[in-house]
Number of protein chains: 2
Amino acid sequence: MVTKQEPAPLTVGELPHAVNGLLQQISTHSQSPTICIFAILLLNDQTLAKGEYNMASTLLTRIYNQFNQFSKTEKRISTYILNHAELIPNMTTKELALKADVSEASVIRFAKTIGIGSFKTFKIALAQELAVKEEYITDFTILQKKDSPHEMFQKVVHVNKNAIETTKESLNKKDLEEAVHALKNARKIVFYGIGGSSIAAIDALYKFTKLGFQVEFNSDFHYMLSRVPHLNKKDVFVAISMSGKTKEVLDLSRIAQKKGAKVIAITNINKSPLYKEADIRLATPNVEEDFRIGSITSRMTQLTIVDTLYICIFNMVGEHVLEEFQEARDYVVKLRR
Amino acid sequence: MVTKQEPAPLTVGELPHAVNGLLQQISTHSQSPTICIFAILLLNDQTLAKGEYNMASTLLTRIYNQFNQFSKTEKRISTYILNHAELIPNMTTKELALKADVSEASVIRFAKTIGIGSFKTFKIALAQELAVKEEYITDFTILQKKDSPHEMFQKVVHVNKNAIETTKESLNKKDLEEAVHALKNARKIVFYGIGGSSIAAIDALYKFTKLGFQVEFNSDFHYMLSRVPHLNKKDVFVAISMSGKTKEVLDLSRIAQKKGAKVIAITNINKSPLYKEADIRLATPNVEEDFRIGSITSRMTQLTIVDTLYICIFNMVGEHVLEEFQEARDYVVKLRR
DNA sequence: GATATTAATGAAATTAAATTTCATTAATAT
DNA sequence: ATATTAATGAAATTTAATTTCATTAATATC
């Protein structure tokens with residue numbers, strides 16, 4: 001096996017030249033940068049020479065390393081902090097005291113014990129430290145009976161963001177391009193989804209209406225049964241189903257296909273019938289969900305894909321369509337006067 | 001009184017020279033730095049090139065972009081913040097008020113103007129933003145004409161995640177608890193939203209139906225005009241409007257309130273009529289969106305709040321309701337055999 | 001083992017900081 | 001010119017953090 005050669009770190013003397021080159025690239029490729037925030041990590045060999053000492057470690061590392069030297073009250077506090085780090089910056093001393101089953105004064109003392117002048121400063125320092133961490137420390141995926149509404153809110157934010165991020169893992173570049181191409185040239189676009197997936201269908205309907213496309217969606221399956229047979233090879237049928245096994249979605253997809261329409265499926269990457277049979281597959285990830293709660297995160301992945309399709313078409317069609325839309329809105333405003 | 005001159009931002013051409021000078025200073029004063037992390041904020045006028053669209057922006061960018069719409073007091077505060085961003089997280093309202101030569105109340109108001117629920121939260125959000133070290137050469141918030149579908153997909157993922165995250169900055173803990181309490185004890189819950197906000201209304205309708213609540217939503221405003229007057233003080237009306245100025249939403253909210261129903265608003269934190277008049281405000285952040293593209297990210301924030309309400313109520317009501325729902329689903333499956 | 005001293009701890013009081021309220025002034029609409 | 005609305009700062013109130021004080025626990029000394 002060939003070992004990857006580690007990049008040699010820059011010396012201080014090489015810095016101006018290297019940074020200059022980077023800035024030239026920015027200047028070249030960004031005519032009018034809005035904001036460009038970047039940090040440069042200058043990592044030097046951290047094997048310390050004789051007489052040198054490591055003066056820095058992260059806050060959480062310090063808490064973890066000093067755990068055994070803590071009193072039992074300090075241990076309770078640090079255990080809670082280490083397990084719920086992301087929640088701490090928005091907590092009061094009272095809230096943390098309650099959660100850790102200690103007094104507020106102990107919380108204040110703990111901040112001082114760990115080397116921070118005040119709990120307020122501790123929270124800000126922790127917030128900054130967590131902002132640069134790529135993974136979460138707090139296990140946000142477990143919903144607990146005793147969670148406060150705010151804690152549940154934090155968890156919802158986390159799992160929704162995570163779901164959207166995992167869409168990157170499932171969606172195929174080429175499939176997306178094919179879908180965009182098919183939609184762009186469609187005479188008519190019909191969307192269909194049931195239950196939670198109907199949210200994405202309605203959202204798509206709304207967005208593509210704004211883009212000026214001839215679109216259709218109705219939650220009434222029987223009504224759709226009388227509409228879909230009128231599709232032809234110039235049309236696109238967008239089937240949205242997390243599982244890919246929803247009977248009504250499958251039935252309509254098959255009819256549309258029989259009529260020559262291109263069937264785009266927004267469905268989980270797996271071996272479902274819809275996944276197998278669709279002409280174009282926009283794969284959503286298999287986000288694991290407690291079946292009791294029902295689908296929340298998967299809807300976010302569907303909506304992100306719908307957003308992407310909309311943005312892609314919008315970018316192609318350009319501002320002309322927008323102008324028409326704006327005219328309509330202005331007209332409505334006028335009518336109200 | 002002498003007006004303070006606004007800081008002129010660096011042009012791209014001036015960057016290499018300025019950074020070079022900074023690096024020389026580092027080289028001179030640090031013989032063997034272990035870690036040296038710094039960030040450079042380059043604020044520029046967001047004059048977009050033809051074919052470019054703005055999909056979202058950071059806190060400091062928001063402040064910078066909205067600068068011209070600020071009152072003179074707001075301008076003083078934002079000027080100070082933009083010039084001393086790193087200092088703000090550790091300042092009190094009094095300190096910032098003194099530095100900016102405004103009142104403390106104005107500082108509190110400014111945080112709300114910029115879309116953050118409190119000054120305390122503003123400080124934490126700013127601290128986190130400043131701590132982020134990710135190196136952006138491509139600005140994920142700017143949509144460019146030449147972007148491929150995959151690149152646009154990456155951008156959509158980024159701004160949608162970011163929008164959900166910023167919901168933490170605006171939603172107030174206490175408001176959430178009040179809303180959860182009101183919903184839990186409601187005899188009937190009516191949802192209403194128009195356009196993009198109707199997606200969140202439909203999603204809420206679907207979720208609270210599953211929880212066993214008596215719920216209602218219809219996109220037909222006139223139909224709702226005949227339904228809402230039948231509400232009473234045991235009921236809850238959930239108004240969903242990003243801007244908080246949508247006439248139909250306002251009208252229905254006022255009728256509901258007149259009938260004694262509790263009005264919960266899911267709306268942007270600002271001075272809109274809906275925000276002022278609602279009994280309970282679930283504040284969504286002012287995610288800055290290019291009006292030409294329309295609201296994408298704000299819908300994600302609304303849906304996240306709806307998810308949170310659902311999860312909170314679900315957690316309280318317990319699995320009992322789920323069993324009833326599961327029975328209904330099993331029954332449907334049986335009917336198909 | 002008893003006693004004295006020190007440390008840990010929580011309740012309560014105090015202080016600090018944030019936020020809201022109220023009155024005044026400025027800006028805008030009619 | 002007048003009325004209305006918005007902006008603003010001072011002051012009051014509320015929230016949150018911190019300090020103080022008394023009690024209990026742990027440790028050291030005899």
Side-chain angles (χ1 to χ4, degrees), chain A residues 66-81 87-127 148 150 337, chain B residues 1 3 66-81 87-127 169-175 177-178 244-245 269-273 275-277 281 283:
Chain A
Q66 294 174 30
F67 188 84
N68 288 330
Q69 287 122 50
F70 288 156
S71 71
K72 70 181 185 197
T73 298
E74 285 166 343
K75 277 172 171 163
R76 304 170 82 95
I77 297 169
S78 57
T79 296
Y80 189 85
I81 290 172
L87 298 177
I88 306 301
N90 287 293
M91 291 179 98
T92 63
T93 48
K94 183 172 190 143
E95 285 168 341
L96 178 51
L98 279 166
K99 289 292 178 181
D101 198 22
V102 301
S103 74
E104 291 181 63
S106 297
V107 170
I108 298 297
R109 290 188 193 107
F110 179 81
K112 285 174 163 34
T113 299
I114 206 61
I116 311 289
S118 70
F119 181 66
K120 195 190 316 172
T121 305
F122 173 80
K123 290 196 287 185
I124 290 174
L126 183 56
S148 71
H150 184 71
R337 283 182 192 138
Chain B
M1 177 197 276
T3 56
Q66 294 175 29
F67 190 85
N68 289 329
Q69 288 121 49
F70 288 157
S71 70
K72 68 182 186 198
T73 298
E74 288 167 341
K75 276 171 171 161
R76 308 168 79 94
I77 298 169
S78 56
T79 296
Y80 188 85
I81 290 172
L87 300 178
I88 306 300
N90 286 295
M91 290 179 99
T92 65
T93 50
K94 186 175 191 139
E95 286 166 343
L96 179 50
L98 280 167
K99 291 290 180 181
D101 198 24
V102 300
S103 74
E104 291 182 61
S106 295
V107 170
I108 299 294
R109 288 189 194 106
F110 179 80
K112 285 180 160 38
T113 297
I114 207 61
I116 312 291
S118 68
F119 181 65
K120 196 186 320 174
T121 305
F122 174 80
K123 291 196 286 184
I124 291 174
L126 183 56
E169 296 168 8
S170 56
L171 190 64
N172 179 268
K173 232 182 255 191
K174 197 172 276 187
D175 291 334
E177 280 168 17
E178 268 192 73
K245 292 170 184 168
I269 182 167
N270 58 27
K271 299 162 193 162
S272 74
Y275 187 82
K276 281 179 186 173
E277 295 167 28
R281 309 181 189 101

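So you know, we letter chains A, B, ... as the sequences are listed, proteins then strands, and number each from 1.
Within the shown strands, D:dT8 is the pairing partner of C:dA23 under the Watson-Crick or G-U definition, both distances less than 3.5 Å. Nucleotide D:dT15 has C:dA16 as its partner under the Watson-Crick or G-U criteria, with both atom distances under 3.5 Å. Across all strands shown, D:dA28 is found opposite C:dT3 as a Watson-Crick or G-U wobble partner, with both distances under 3.5 Å.
For the pair B:L98 CG and D:dG9 C1', the interatomic distance rounds to 13 Å; values are reported in whole Å. The separation between B:K75 atom NZ and D:dA7 atom P is 13 Å, rounded to whole Å. Taking atom NZ on A:K123 and atom C1' on C:dA16, their separation rounds to 13 Å, with Å as the unit. In this structure, the NZ atom of A:K94 is 19 Å from the P atom of C:dA18, given to the nearest Å. Between A:I116 atom CD1 and D:dA17 atom P the separation is 15 Å, expressed in whole Å. One can place CD of B:E104 at 14 Å from C1' of C:dT21, the figure rounded to the nearest angstrom. Atom CD in B:E95 sits roughly 11 Å away from atom C1' in C:dA16 (whole-Å rounding). As rounded to whole Å, 12 Å separates atom P of C:dA18 from atom CZ of B:F122.
Contact check for B:R109 versus B:K112: no side-chain heavy atoms found under the 4.5 Å cut-off.
Of the residues near DNA chain D, A:M91 and B:V102, the one whose nearest nucleotide (by heavy atom distance) lies more toward the 5' end is B:V102. Nucleotides of DNA chain C nearest to B:F119 and A:R109 differ in position, and the one nearer the 5' end is that of A:R109. Nearest-nucleotide positions on DNA chain D place B:S71 closer to the 5' end than the other of B:K174 and B:S71.
B:T121 places no side-chain N or O within donor-acceptor distance of the main-chain N or O of B:G117, the cut-off being under 3.5 Å. B:K99 places no side-chain N or O within 3.5 Å of a backbone atom of B:Y80 that could act as its donor or acceptor partner.
Between A:F119 and A:F122, the ring planes are parallel. Angles under 30° get that label, and only those over 60° would be called perpendicular.
Looking at B:K173 and A:E95, a side-chain N of the basic residue comes within less than 4.0 Å of a carboxylate O on the acidic one, giving a salt bridge.
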Exercise. Can you list the steps and then say if A:F70 with A:I77 is a side chain to side chain contact (heavy atoms under 4.5 Å, CB included)?
Worked result: CA-CA 10 Å; A:F70 288 156; A:I77 297 169; over 6 Å; no
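Here C:dA17 is the nucleotide among C:dT20, C:dA17, D:dT20 with the atom lying nearest to any side-chain atom of B:T93. Closest approach to the A:S106 side chain among C:dG10, C:dT19, D:dA17 is made by C:dG10 (side chain taken as heavy atoms from C-beta onward). Residue B:K72 has its side chain nearest to D:dT8 when only D:dT18, C:dG10, D:dT8 are considered. Among D:dG9, C:dG10, D:dT18, the nucleotide with an atom closest to any side-chain atom of A:K120 is D:dT18. Residue A:I108 has its side chain nearest to D:dA17 when only D:dT8, D:dA17, C:dT19 are considered. The side chain of B:A105 has C:dT21 as its nearest neighbour among C:dT19, D:dT20, C:dT21.
OP1 or OP2 of C:dT19 has at least one side-chain nitrogen or oxygen of B:S118 nearer than 4.0 Å. Side-chain N/O atoms of B:S103 include one lying less than 4.0 angstrom from OP1 or OP2 on D:dG9.
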